[in-house]
Amino acid sequence: MKVGVLGAGAWGQALAKTAARAGNTVTLWSRTDGVRRFEAAAAAEVVMLAVPAQAMVELADRLDPGIVCGTLVVAAKGLECGTGRLMSEVLPPRFVAGALSGPNFAAEVAAGLPTAAVLAGAPQAAFATTSFRVYESRDVVGVQLCGALKNVIAIAAGITEGRRLGENARAALVTRGLAELRRLVIAEGGEAETVAGLAGLGDLMLTATSSTSRNYAYGVALGRGEPPPGALAEGVSTAEPACLRAGRAGVELPIVAAVADIVADRADIDTAMTRLLARPAGRE
């Protein structure tokens with residue numbers, strides 16, 4: 001099988017290595033490569049879209065329906081700023097895309113360490129190896145929402161660590177964050193099973209507990225009152241559009257909204273925390 005990977009960051013390179021280990025012919029394209037290499041990657045049987053979420057619009061504009069004839073798969077985790085659109089919704093209507101997500105740190109995937117992921121709307125053979133276990137899903141919307149919102153919850157979890165609020169607080173926040181994610185996924189027509197699986201709970205466990213997570217590290221720095229790391233933390237740009245999308249769906253996301261206020265400097269951490277704790281405790 002021919003696999004194209006558009007985007008040669010850490011995640012794109014890791015996916016390219018995994019696809020090659022699976023016995024496929026792989027073409028990896030980066031921004032510094034020319035048109036011919038882009039077209040070769042885009043013409044593959046399976047094409048991974050592995051650019052950062054906020055670069056997806058630019059990439060989508062380059063996709064030519066006269067060249068793309070295979071299966072597109074979104075590998076970015078985020079929502080479009082200003083619109084709240086999923087990455088698959090950023091693509092022109094004539095393109096239908098699947099999604100890949102799960103508890104996957106790029107460096108470990110690239111090294112061939114044992115990993116599991118969920119692939120919705122694309123053939124498993126593109127990436128399944130003895131070390132990269134791929135599970136099928138039909139829930140393209142749920143897989144993408146989980147991948148996007150878990151980054152926001154990870155920032156909140158990092159803030160609790162940076163503020164030294166304790167393990168109890170972090171566990172409670174992550175659990176309630178998962179409940180918010182579930183509400184939105186179901187409201188958007190996704191499946192509760194997706195939230196309870198690798199794309200939801202699995203990815204959240206990884207991202208909201210490890211210092212390797214850029215979003216968690218970003219939250220820790222905020223909690224300590226330190227300048228955040230320079231590395232891209234997708235949750236920063238996802239929080240606001242997640243609230244926008246939730247509002248349209250009639251769903252409340254108090255933790256996500258608190259993070260949105262903090263990163264936009266509309267509220268300090270103590271004020272946002274006070275608001276959360278003042279909310280009435282309803283039924284779980």
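Numbers here are sequence positions counted from 1. Quick caveat: nothing in here was measured; it's all calculated off a predicted structure.
- Looking at R36 and E39, no side-chain N of the basic residue comes within less than 4.0 Å of a carboxylate O on the acidic one, giving no salt bridge.
- For A55 against R31, the heavy-atom pair with the smallest separation is CB-NH2, 3.4 Å.
- No donor-acceptor pair under 3.5 Å is formed between the side chain of D61 and the backbone N or O of E58.
- Y218 is connected to I262 through a chain of hydrophobic side-chain contacts under 4.5 Å among Ile, Leu, Val, Met, Phe, Trp and Tyr, so both are in one cluster.
- Nearest heavy-atom pair, A50 versus G12, reported as atom, atom and distance to 0.1 Å: CB-CA, 3.8 Å.
- Residues E188 and R248 are not paired through a salt bridge, judged by the lack of any N-O separation under 4.0 Å between the basic side chain and the carboxylate.
- With a 4.5 Å cut-off on side-chain heavy atoms, I153 and I255 count as touching.
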May I have the step-by-step check of side chain to side chain contact (heavy atoms under 4.5 Å, CB included) for T71 and V73, ending in yes or no? CA-CA 6 Å; T71 301; V73 181; 4.3 Å; yes

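- Within a 6.0 Å radius of CZ in R133, no more than 12 heavy atoms belonging to other residues, nucleotides or ligands are found.
- Looking only at side-chain heavy atoms (C-beta outward), S210 and Y216 stay at 4.5 Å or farther from each other.
- Linking Ile, Leu, Val, Met, Phe, Trp and Tyr residues whenever their side-chain heavy atoms come within less than 4.5 Å leaves L222 and V220 in two separate clusters.
- Under the 4.0 Å criterion applied to side-chain N and carboxylate O atoms, E191 and R138 are assigned as salt-bridge partners.
- Within a 6.0 Å radius of CG in N168, no more than 12 heavy atoms belonging to other residues, nucleotides or ligands are found.
- Looking at F38 and L63, their side chains come closer than 4.5 Å, going by heavy atoms from C-beta outward.
- Judged by distance alone, the side chain of Q54 and the main-chain N or O of C81 form a donor-acceptor pair under 3.5 Å.
- Between the side chain of E80 and the backbone N or O of R85 there is no donor-acceptor pair closer than 3.5 Å.
- Taken together through direct or relayed side-chain contacts under 4.5 Å among Ile, Leu, Val, Met, Phe, Trp and Tyr, L206 and L181 form parts of separate hydrophobic clusters.
- Between S213 and F105 the shortest side-chain heavy-atom distance falls below 4.5 Å.
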Mind running side chain to side chain contact (heavy atoms under 4.5 Å, CB included) on D203 and C146 for me, showing each step along the way? CA-CA 8 Å; D203 204 0; C146 286; over 6 Å; no

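- Under a 3.5 Å cut-off, the side chain of T271 and the backbone N or O of A267 do not form any donor-acceptor pair.
- Checking side-chain atoms of W11 against main-chain N and O of A76 turns up no donor-acceptor pair under 3.5 Å.
- At least one donor-acceptor pair closer than 3.5 Å links the side chain of R163 to the backbone N or O of G223.
- Of all heavy-atom pairs between G235 and V152, the closest is O-CG2, 3.7 Å.
- Within 6.0 Å of CE on M1 lie more than 12 heavy atoms contributed by other residues, nucleotides or ligands.
- Residues W29 and A41 come closest through the heavy atom pair CB-CB, 4.2 Å.
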Could you walk me through whether L79 and L86 pass the side chain to side chain contact (heavy atoms under 4.5 Å, CB included) check? CA-CA 5 Å; L79 301 174; L86 298 170; 3.6 Å; yes

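- Linking ILVMFWY residues whenever their side-chain heavy atoms come closer than 4.5 Å, directly or via other members, places V263 and M273 in the same cluster.
- The minimum heavy-atom distance linking D139 with G190 is given by the pair OD1-CA, 3.5 Å.
- Looking at R21, its side chain never comes within 3.5 Å of a backbone N or O of T129 through a donor-acceptor pair.
- Formation of a donor-acceptor pair under 3.5 Å by the R214 side chain with backbone atoms of L232 is found in this model.
- For the pair N24 (side chain) and A19 (backbone), a donor-acceptor distance under 3.5 Å is present.
- Ionic pairing of E89 and R245 is present here: one or more N-O contacts between side-chain nitrogen and carboxylate oxygen are shorter than 4.0 angstrom.
- The cluster map of Ile, Leu, Val, Met, Phe, Trp and Tyr, joined by side-chain heavy atoms under 4.5 Å apart, puts L91 and V47 in the same cluster.
- Between L198 and Y135 there is a side-chain heavy-atom pair separated by less than 4.5 Å.
- Summarising the geometry of S137 relative to V143, their closest heavy-atom pair is OG-CG2, 4.1 Å, with the distance given to 0.1 Å.
- Side-chain atoms of N104 come within 3.5 Å of backbone N or O of A116 as a donor-acceptor pair.
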Going through the distances and angles, do L100 and L15 end up as a side chain to side chain contact (heavy atoms under 4.5 Å, CB included)? CA-CA 10 Å; L100 175 74; L15 290 173; 3.5 Å; yes

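- Rounded to the nearest 0.5 angstrom, E180 CD and T175 OG1 are separated by 11.5 Å.
- Inter-residue side-chain proximity for M56 and L49 is flagged as met; some heavy-atom pair is nearer than 4.5 Å.
- Side chains of T207 and K150: a donor on one and an acceptor on the other come within 3.5 Å.
- Side-chain contact check for N151 and T238: no donor-acceptor pair (N or O, by modelled atom type) lies under 3.5 Å.
- Side-chain atoms of Q144 and S101 include no donor-acceptor pair closer than 3.5 Å.
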